[in-house]
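Scroll down for the structure; my scribbles are underneath it.
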Amino acid sequence: MKPFQIFTEHPQSAGETYGGHMMVAFSFAAAMLRGGFACFVHGLFPFLFTKTGSSTIAMLYGRMVVSRTDKTSSAWQSVPGD
């Protein structure tokens, strides 16, 4: 394995460049942080953010699983074992 191949192997398997994959990962992280914060606040104040956590999960699931192409689906099948 080439020294920097470790940084590009997975993004290429997902049909992305290193930079593109990083931006997608950062967008997922931001959404999860917002959803997590909303869930935390909801735990304290159950009348706030009543659907934010579940809608965030549904949106991320849609982006990651439902709308993926056949080209990348085989790469994502290894996710549960990561």
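Start at 1 with the first residue, then count along the sequence. Please read these numbers as outputs of a predicted model, since none were measured by experiment.
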Extract all donor-acceptor atom pairs below 3.5 Å that involve side chains of residues 26-47 and protein atoms in other chains or at least two apart in sequence.
| residue | atom | partner | partner atom | Å |
| --- | --- | --- | --- | --- |
| S27 | OG | V24 | O | 2.7 |
| S27 | OG | R63 | NH2 | 2.7 |
| H42 | ND1 | P46 | O | 3.3 |
| H42 | ND1 | L48 | O | 2.8 |

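Rounded to the nearest 0.5 angstrom, H10 NE2 and E16 CD are separated by 7.5 Å. Between T17 atom OG1 and M22 atom CE the span is 8.5 Å, to the nearest 0.5 Å. Rounding to the nearest 0.5 angstrom, the gap separating the OG atom in S55 from the CZ atom in F49 is 11.0 Å.
Taking both residues in full, the closest heavy atoms of Y18 and F7 are given as CD1-O, 3.2 Å, listed atom of the first, atom of the second, then distance.
M59 and I57 fall into different hydrophobic clusters, where Ile, Leu, Val, Met, Phe, Trp and Tyr are joined by side-chain heavy atoms under 4.5 Å apart, directly or via other members. A continuous path of ILVMFWY side-chain contacts below 4.5 Å connects L60 to M64, so both sit in one hydrophobic cluster.
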